[in-house]
Amino acid sequence: MRNIIFLSLLQLLAIDNSLSSSPSSAFVESFAPLQQFKRNNLKRQIEKAAADNNESLVISLVDELSQLKESNFIPTKGLLGYNGEDPSNAPLNGRWKLLYTNARDAEAPARTKKNPEKVFGDEVAGGIQVKTGQRIDAATGECINFINLMGEKRPFDQLEITIQMTPLSDTRVRLDFLRGRALNEKALPFLRDFRFSFPPPALNDLIARLGGKDPNVEPQTYFDVLYLDKDFRAHRTGEGKYFVQRRDYE
């Protein structure tokens with residue numbers, strides 16, 4: 001009998017999307033296992049929608065998932081010691097693999113083949129494998145975004161962009177682009193390990209102020225964490241672009 005009741009509750013939680021507005025929603029969602037069941041279900045749906053490159057569905061599901069975050073949700077804790085948390089315990093710390101983004105420039109260097117039928121008008125050439133992700137060091141606040149390519153026709157081997165992350169609130173992170181590095185063993189000797197720098201953060205602050213914005217609240221580049229647990233993450237940038245990532249254990 002207890003199993004039947006439990007399964008019925010699971011069906012209500014997983015199937016009835018209007019449950020949150022029903023009088024009994026508070027009762028059902030007060031059960032932590034049921035909450036976690038719904039989170040896991042949404043994460044699976046997001047991964048499938050991401051694989052299908054279904055932008056509207058990904059965004060809708062991420063927004064729904066963001067409503068199920070923990071009550072003590074402070075994803076920036078530990079980043080540079082924010083909220084008094086040791087950086088080693090920072091939930092953002094570590095390696096992350098990109099599952100989806102609707103930001104055109106995120107993987108643009110890897111898309112060298114024109115294809116007007118694709119979302120961005122281009123695509124990765126056939127035979128090339130792409131891995132995009134990031135490594136976050138919460139102690140220093142440095143994040144390295146990277147694109148690794150494999151395959152004979154790859155335009156480069158690896159591209160790294162180092163970014164300084166600064167927590168502005170419990171959920172908002174400022175981003176200051178510091179430097180870049182492009183590795184390409186097929187290039188001319190002086191271009192095989194090419195390094196470059198970005199303009200200083202002060203310039204971005206000036207641009208923000210000229211636009212009537214306070215860079216300590218709304219800098220030129222930032223993101224808001226919408227959802228974060230030990231192995232899944234979603235955020236939205238100041239430009240309204242979505243990123244979905246999974247913890248990289250490889």
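On a predicted model such as this, the values are computed, not experimentally measured, just so you know.
- F156 is not connected to M150 by any chain of hydrophobic side-chain contacts under 4.5 Å among Ile, Leu, Val, Met, Phe, Trp and Tyr, and they are in different clusters.
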Kindly determine whether E70 and Q35 satisfy side-chain hydrogen bond (donor to acceptor under 3.5 Å, both in side chains), including the steps that lead there. CA-CA 10 Å; E70 301 287 349; Q35 281 277 67; over 6 Å; no
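- Residues K43 and D231 are paired through a salt bridge, judged by an N-O separation under 4.0 Å between the basic side chain and the carboxylate.
- Contact check for E185 versus R154: side-chain heavy atoms found under the 4.5 Å cut-off.
- Ion pair E239/R104 not flagged as a salt bridge, since none of the NZ, NE, NH1 or NH2 atoms sits closer than 4.0 Å to an Asp/Glu carboxylate oxygen.
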Apply side-chain hydrogen bond (donor to acceptor under 3.5 Å, both in side chains) to the pair D63 and Q67, showing each step before the final yes or no. CA-CA 7 Å; D63 288 343; Q67 301 304 310; over 6 Å; no
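- What you find for A208 and E218 is that their closest heavy atoms are CB-O, 4.4 Å.
- One N or O on the side chain of K186 and one on the backbone of E152 form a donor-acceptor pair closer than 3.5 Å.
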For F243 and Y100, what are the C-alpha separation, side-chain angles and deciding distance, and is it a side chain to side chain contact (heavy atoms under 4.5 Å, CB included)? CA-CA 6 Å; F243 285 75; Y100 174 83; over 6 Å; no
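- Atoms CZ and CZ, from R233 and F223 in turn, are 5.0 Å apart once rounded to the nearest 0.5 Å.
- A continuous path of hydrophobic side-chain contacts links I136 to L228 [ILVMFWY only; heavy atoms under 4.5 Å].
- Nearest heavy-atom pair, S169 versus Y82, reported as atom, atom and distance to 0.1 Å: C-OH, 3.2 Å.
- Side chain of N102 to backbone of Y242: a donor-acceptor contact under 3.5 angstrom is found.
- Taking 4.5 Å as the limit, every side-chain heavy atom of E142 sits out of range of all side-chain heavy atoms of M165.
- No donor-acceptor pair closer than 3.5 Å links the side chain of R174 to the backbone N or O of Y222.
- At a threshold of 4.5 Å between side-chain heavy atoms, the hydrophobic network of Ile, Leu, Val, Met, Phe, Trp and Tyr places F190 and F196 in one connected group.
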List the steps, then state whether side chain to side chain contact (heavy atoms under 4.5 Å, CB included) holds for E64 with L42. CA-CA 8 Å; E64 186 176 352; L42 282 170; 3.7 Å; yes
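- Checked by atom type and distance alone, the side chain of T132 never pairs as donor or acceptor with a backbone atom of I147 at under 3.5 Å.
- At least one donor-acceptor pair under 3.5 Å links the side chain of R247 to the backbone N or O of K230.
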Can you check side-chain hydrogen bond (donor to acceptor under 3.5 Å, both in side chains) on E47 and Q45, steps first, answer last? CA-CA 5 Å; E47 290 198 35; Q45 292 183 61; over 6 Å; no
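- Distance check: L80 CG to T140 OG1 gives 7.0 Å after rounding to the nearest 0.5 Å.
- In this structure, L159 is not a member of the same hydrophobic cluster as L98, with clusters built from ILVMFWY side-chain heavy atoms closer than 4.5 Å.
- Looking at V244 and I46, their side chains come closer than 4.5 Å, going by heavy atoms from C-beta outward.
- Using a 4.5 Å heavy-atom threshold, the side chains of R39 and D229 count as separate.
- Of the residues I59, V58, N54, the one that meets the side chain to side chain contact (heavy atoms under 4.5 Å, CB included) test with S56 is N54.
- Taking CG of L226 as the reference point, atom CZ of F73 lies at 7.5 Å (rounded to 0.5 Å).
- Between atom CG of residue D214 and atom CG of residue L168 there is a gap of 9.5 Å, rounded to the nearest 0.5 Å.
- Considering only heavy atoms from C-beta on, P155 comes within 4.5 Å of L149 through its side chain.
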K38 and N41: CA distance, side-chain angles, deciding distance, side chain to side chain contact (heavy atoms under 4.5 Å, CB included) verdict: CA-CA 5 Å; K38 190 170 185 180; N41 185 45; 5.5 Å; no
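- Separation of atoms CG (D193) and CG (L183) is listed at 5.0 Å; rounding is to 0.5 Å.
- No donor-acceptor pair closer than 3.5 Å links the side chain of T76 to the backbone N or O of P167.
- Of all non-hydrogen atoms in K153 and I128, the two that sit nearest each other are O-CD1, 3.3 Å.
- Using modelled atom types, no side-chain atom of N184 and backbone atom of D157 make a donor-acceptor pair closer than 3.5 Å.
- Cation-pi geometry between R135 and W96 is not met: the NZ or CZ atom fails to fall both under 6.0 Å from the ring centre and inside 45° of the normal.
- When every heavy atom of N93 is checked against every heavy atom of A138, the shortest pair comes out as OD1-N, 2.8 Å.
- For the atom pair CG of L178 and CZ of F198, the computed distance is 8.5 Å after rounding to the nearest 0.5 Å.
- Within the 3.5 Å criterion, the main-chain N or O of E85 finds no donor-acceptor partner in the side chain of N83.
- Under the 4.5 Å side-chain heavy-atom criterion for ILVMFWY residues, a single connected hydrophobic cluster contains both L79 and F177.
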Under the criterion side chain to side chain contact (heavy atoms under 4.5 Å, CB included), I'd like the reasoning laid out for E160 against Q158: C-alpha separation, chi angles, the key distance, then a yes or no. CA-CA 7 Å; E160 294 183 349; Q158 180 173 296; 2.5 Å; yes
